[in-house]
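Below, read A as the first sequence line, B as the second, and so on, with proteins coming before strands; counting in each chain starts at 1.
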Protein chains: 2
Amino acid sequence: MNNKSTISELSRSLITIAWYFGPKGLDGQCCGDITMPEFIALDTILNIHNCSVHDIGIALGFTKSGATRIVNRLVSKGYVRKEASSEDGRVCCVAITKKGETIIKDADSRYREKFEQLISKMPPNQQGNVVTLLNSIAQALRK
Amino acid sequence: MNNKSTISELSRSLITIAWYFGPKGLDGQCCGDITMPEFIALDTILNIHNCSVHDIGIALGFTKSGATRIVNRLVSKGYVRKEASSEDGRVCCVAITKKGETIIKDADSRYREKFEQLISKMPPNQQGNVVTLLNSIAQALRK
DNA sequence: AATAATAGTTGACTTAGTCAACTATATTTT
DNA sequence: AAAATATAGTTGACTAAGTCAACTATTATT
C-alpha cells in the first residue's frame with residue numbers, strides 16, 4: 001500500500017465487494033451458464049407475480065430492448081417461458097421453468113459456499129453480525 | 001415477497017449490493033466517463049509500484065489482451081500513460097496522470113456520497129459498524 | 001547457443017447492451 | 001365513438017468490451 005493513493009478505504013472496499021460478488025467475480029463461475037444480470041432477472045421473476053418483460057428491464061436498469069433480449073436468452077437456455085397476459089394484450093408474462101428453478105438453486109448454493117469461505121477468513125468477533133448487516137444494507141438499497 | 005422463491009436472503013443481498021455498487025449501479029454514473037473495470041485498473045495502478053499491464057490483468061481477472069485493451073482505453077482518455085520499464089524490456093509500466101488522479105478523486109467522492117445516502121436509510125443502531133465491517137469483508141476477500 | 005518462459009500486441013470474433021423505428025394493444029380526450 | 005396518446009414489446013443497425021490464437025520482443029533456463 002503506498003500513500004500516493006487518493007481513494008478512500010471505504011470506496012475501495014465497496015468496489016472490491018461489488019467486483020468479487022459481481023459479474024466477473026466468483027471466478028466467473030457464479031451461476032453456471034447464466035450471467036449475473038440473468039440471475040437478477042430470474043430472481044425478479046421469482047419475486048413479481050406475473051412478471052412482465054418490462055418489470056425485468058426496471059429491475060436491471062436496462063432499456064426495454066435490453067429486457068427483451070435478456071428474456072429471449074433465458075428462453076433459449078430453457079430457464080423461462082413467455083406467455084401472453086390474460087389481462088393485458090400488450091403484456092408478455094415471463095415464468096420460470098423447472099430447469100430455471102434448478103439453476104437458481106444451484107447458483108444460490110454457490111453464493112452461500114463462497115460466503116462461507118469469506119466468513120472463515122474474517123476475525124471471529126466480526127463474523128456474527130455480517131449476515132444481518134448485509135441484509136440490512138441490501139434492504140436500504142432497495143428503498 | 002412470495003415463497004415460491006428459492007434464493008436465500010443472503011445471496012439476494014450479496015447480489016443487490018454487487019449490482020448497486022457495480023458496473024450498472026450508481027445510476028450508471030459511478031465514475032464519470034470511466035467504467036468500473038477502468039476504475040479498478042486505476043486503483044491497481046495507484047497501489048502497485050511500477051504497475052505493469054500484466055498486473056492489471058491479474059487484478060481484474062482479464063486475459064492479457066483484455067488488459068492491453070483496458071490500458072489503451074485509459075491512455076486514450078488521458079488517465080494513464082505507458083512507459084517502458086527500465087528493469088525489464090518486456091514490461092510496460094503504467095502510470096497515472098494528473099487527469100487520472102482527478103477523475104479517481106471524483107469517483108471516490110461519488111461513492112462516498114452514495115454511501116452516505118445508504119447509511120441514512122439504515123436503522124441507526126446498525127449504522128456504526130457498517131464501515132468497519134465492509135472494510136473487513138473486503139480485506140478477507142483480498143486474501 | 002538453444003530452448004523455454006514471460007510481457008505485450010493485434011486481428012478476428014462474440015456477447016450483450018443501446019437507440020430508433022416499428023407493431024399492437026390499451027387508455028384518455030374531445 | 002373516433003382520434004390521439006401512452007404503454008408493452010420487438011427488431012435492425014450499431015457499439016463497447018471482452019476472448020482466443022497467433023504473433024513479436026525480451027528475459028531466463030538448460
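- A salt bridge between A:D33 and A:K77 is absent, with no side-chain N of the basic residue lying under 4.0 Å from a carboxylate O of the acidic one.
- The distance between atom NZ of A:K64 and atom P of C:dA24, rounded to the nearest whole Å, is 15 Å.
- Annotation for B:K143: atom NZ counts as buried by contact number, over 12 foreign heavy atoms lying within 6.0 Å.
- Considering only heavy atoms from C-beta on, A:R142 comes within 4.5 Å of B:R12 through its side chain.
- Looking at heavy atoms from C-beta onward, B:L14 lies out of side-chain contact with B:W19 at the 4.5 angstrom threshold.
- Residues from residues 73-86 of chain A that place a heavy atom under 4.0 Å from any atom of DNA chain D, listed by number: A:K82.
- Atom P of nucleotide C:dA26 and atom CG of A:D88 are separated by 6 Å, given to the nearest angstrom.
- What separates CD1 of A:I40 from C1' of C:dA16 is a distance of 14 Å, to the nearest Å.
- Here the C1' atom of nucleotide C:dA7 and the CG atom of B:D55 are 11 Å apart, to the nearest Å.
- For DNA chain D, the span of nucleotides reached by chain B at under 4.0 Å from its heavy atoms goes, 5' to 3', from D:dA17 to D:dT27.
- The distance between atom CD of A:E38 and atom C1' of C:dT15, rounded to the nearest whole Å, is 10 Å.
- Ion pairing between A:K99 and A:E101 fails under the 4.0 Å rule for side-chain N and carboxylate O.
- Residues B:V91 and B:L74 are members of separate hydrophobic clusters, defined by side-chain heavy-atom contacts under 4.5 angstrom among Ile, Leu, Val, Met, Phe, Trp and Tyr.
- Toward the 5' end of DNA chain C, the nearer of the two residues B:V71 and A:S65, judged by each one's closest nucleotide, is B:V71.
- Rounded to an integer number of Å, the gap from CG of B:N50 to P of C:dA7 is 14 Å.
- Computed from coordinates, the B:R69 CZ to C:dA7 P distance equals 19 Å when rounded to whole Å.
- In this structure, the side chains of B:I17 and A:F21 stay at 4.5 Å or more apart for every pair of heavy atoms.
- Remark: C1' of C:dG17 and CE of A:M36 are 17 Å apart, rounded to the nearest angstrom.
- Taking for each of A:F62 and B:N72 the nucleotide of DNA chain C with the nearest heavy atom, the 5'-most of the two is the partner of B:N72.
- Mapping A:G66 and B:G66 onto DNA chain D via the closest heavy atom, the residue that lands nearer the 5' end is A:G66.
- For the atom pair SG of B:C93 and CD of B:E83, the computed distance is 7.0 Å after rounding to the nearest 0.5 Å.
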Next on the checklist: Show, in sequence, the C-alpha distance, side-chain angles and deciding distance for B:Y111 and B:F39, and conclude whether the ring pair (Phe, Tyr, Trp, His ring centres under 6.0 Å) test is met.
Outcome noted: CA-CA 12 Å; B:Y111 259 82; B:F39 189 178; 5.8 Å; yes
